[in-house]
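It should be emphasised that the depicted structure is a prediction, and the values quoted were computed from it without experimental measurement.
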Amino acid sequence: MTPEQVAAASKPLVLELGEAFARCPSTLRRARLLGISGWAFYIAGRAGALGDVRAETVAAALGFIAPEAVADGWDAAVRTVPPLEVAGANLAECCRWGVANLGDGPETSRLAGLLRRAVDAADGSGMPLFAAWRAMPVDDPAPGARAAVALLLLREHFAGAYLLAVRAAGMTPLEAVLAGPEGDAGAAACGWPPPYPPVGPLVRRRLWAEAVTDRLVSPAFRALDPGEGAELLNLLTAARLGLRGR
């Protein structure tokens with residue numbers, strides 16, 4: 001498989017697995033322990049790796065969430081907890097989830113190793129959130145924790161690449177969300193208020209942006225030979241099946 005083929009095939013798997021920990025009830029309980037809402041924990045937990053920045057900077061880095069919704073979550077969090085502390089708590093929950101759900105067997109260790117090689121080879125240019133997360137130290141040596149963190153990092157790499165591709169396609173982040181599979185419901189979930197622009201003319205641009213995303217991410221997978229790329233896809237598929245079977 002070529003690196004671009006691996007990028008395209010792995011994208012839905014990475015996006016699903018890389019955010020699964022954020023929906024875990026234990027992760028949401030961590031927000032309550034910090035004294036903030038689940039939304040504030042999601043925004044500051046994801047963007048807190050950037051450090052003590054303004055909400056406008058966070059909105060620009062996240063891209064697909066409405067700036068007002070970002071500001072609501074970010075400002076509520078940072079009034080109570082420093083951003084890096086929230087990011088650290090988010091990282092700890094990611095590690096905990098990985099140990100509990102991905103296990104510690106040889107397949108998980110192999111998955112973690114392949115993912116990490118891709119993460120280390122990825123180009124972070126124009127992707128501040130990915131770069132900030134890649135610089136965060138990870139102390140948990142367990143294979144499940146390392147795999148979960150690598151999935152989080154690779155997910156942020158895909159998200160950053162897609163944001164760049166969407167803008168290059170001449171679309172706004174809102175238009176990209178509307179043209180996606182969730183449509184108006186996705187826009188509302190991301191905090192964008194109606195009325196929304198018509199979707200029809202946007203679909204072709206979104207498909208182009210998806211293809212550009214794969215090209216932007218593909219250099220990360222040049223760290224793997226063709227056989228390892230196929231092996232990574234098999235391991236990701238097995239991890240998703242195992243997670244859905246729980």
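Of the inter-residue distances, the one linking Leu102 atom CG with Glu107 atom CD reads 11.5 Å to the nearest 0.5 angstrom. With rounding to the nearest 0.5 Å, the separation of CG in Leu17 from CG in Leu111 is 8.0 Å. Rounded to the nearest 0.5 angstrom, Leu152 CG and Phe21 CZ are separated by 4.5 Å. The CG atom of Leu28 sits 10.5 Å away from atom OG of Ser37, with the distance rounded to the nearest 0.5 Å. Here the CG-CG distance, from Leu241 to Leu236, works out to 11.0 Å after rounding to the nearest 0.5 Å.
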All N/O donor-acceptor pairs, side-chain side in residues 1-13, below 3.5 Å, sequence neighbours left out:
unit_1 : atom_1 : unit_2 : atom_2 : d
Thr2   : OG1    : Gln5   : N      : 3.1
Thr2   : OG1    : Gln5   : OE1    : 3.3
Gln5   : OE1    : Thr2   : N      : 2.9
Ser10  : OG     : Val6   : O      : 2.8
Ser10  : OG     : Ala7   : O      : 3.3
Lys11  : NZ     : Glu210 : O      : 3.4
Lys11  : NZ     : Glu210 : OE1    : 2.8
Lys11  : NZ     : Asp214 : OD1    : 2.9

Considering only distance and modelled atom types, tabulate donor-acceptor pairs under 3.5 Å from the side chains of residues 114-130, sequence neighbours left out.
unit_1 : atom_1 : unit_2 : atom_2 : d
Arg116 : NE     : Asp120 : OD1    : 3.0
Arg116 : NH2    : Asp120 : OD1    : 3.1
Arg117 : NH1    : Glu228 : OE2    : 3.2
Arg117 : NH2    : Ala223 : O      : 2.8
Arg117 : NH2    : Glu228 : OE1    : 2.8
Asp123 : OD1    : Ser125 : N      : 3.0
Asp123 : OD1    : Ser125 : OG     : 2.7

List, one per line, each side-chain donor-acceptor pair under 3.5 Å for residues 157-186, sequence neighbours excluded.
unit_1 : atom_1 : unit_2 : atom_2 : d
Arg167 : NH1    : Met171 : O      : 2.5
Thr172 : OG1    : Glu175 : N      : 3.1
Glu175 : OE1    : Thr172 : N      : 3.0

Please report, to 0.1 Å, the donor-acceptor pairs under 3.5 Å made by any side chain of residues 43-69, with sequence neighbours excluded.
unit_1 : atom_1 : unit_2 : atom_2 : d
Arg46  : NE     : Glu156 : OE2    : 2.8
Arg46  : NH1    : Tyr42  : OH     : 3.1
Arg46  : NH2    : Glu156 : OE1    : 3.3

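Within the 4.5 Å cutoff, the side chain of Pro83 has heavy atoms near those of the Trp74 side chain. For the pair Arg155/Leu151, no side-chain contact is recorded, criterion being any heavy-atom separation below 4.5 Å from C-beta on. Under the 4.5 Å side-chain criterion, counting only non-hydrogen atoms from C-beta, Asp140 is not in contact with Val149. Two residues are said to be in side-chain contact when any heavy atoms from C-beta on lie closer than 4.5 Å; Pro143 and Arg110 fail this criterion. With contacts defined as side-chain heavy-atom distances shorter than 4.5 Å, the pair Cys24/Glu93 does not qualify.
Looking at Ser26 and Arg29, their side chains do bring a donor and an acceptor atom within 3.5 Å of each other.
Within a 6.0 Å radius of CG in Asp72, other residues, nucleotides and ligands contribute more than 12 heavy atoms.
Hydrophobic cluster membership for Leu34: Ile36, Phe41, Val81, Val86 (Ile, Leu, Val, Met, Phe, Trp, Tyr linked by side-chain heavy atoms under 4.5 Å, directly or transitively).
The minimum heavy-atom distance between Trp97 and Ala148, with the atom names listed, is CE3-CB, 4.1 Å. Taking all atoms of both residues into account, the shortest heavy-atom contact from Gly88 to Met136 is N-CE, 4.2 Å. Here the closest non-hydrogen pair linking Pro201 and Arg205 is O-CG, 4.4 Å.
No donor-acceptor pair closer than 3.5 Å links the side chain of Thr27 to the backbone N or O of Arg23. No donor-acceptor pair closer than 3.5 Å links the side chain of Ser109 to the backbone N or O of Pro106.
Side-chain heavy atoms closer than 4.5 Å link hydrophobic residues (I, L, V, M, F, W, Y) into clusters, and following such links, even through other members, never connects Trp208 to Val199. Taking hydrophobic clusters as Ile, Leu, Val, Met, Phe, Trp and Tyr residues chained together by side-chain heavy-atom distances below 4.5 Å, Leu15 shares a cluster with Leu233.
Arg134 pairs by the salt bridge (charged side-chain N to carboxylate O under 4.0 Å, His left out) definition with nothing, not counting sequence neighbours.
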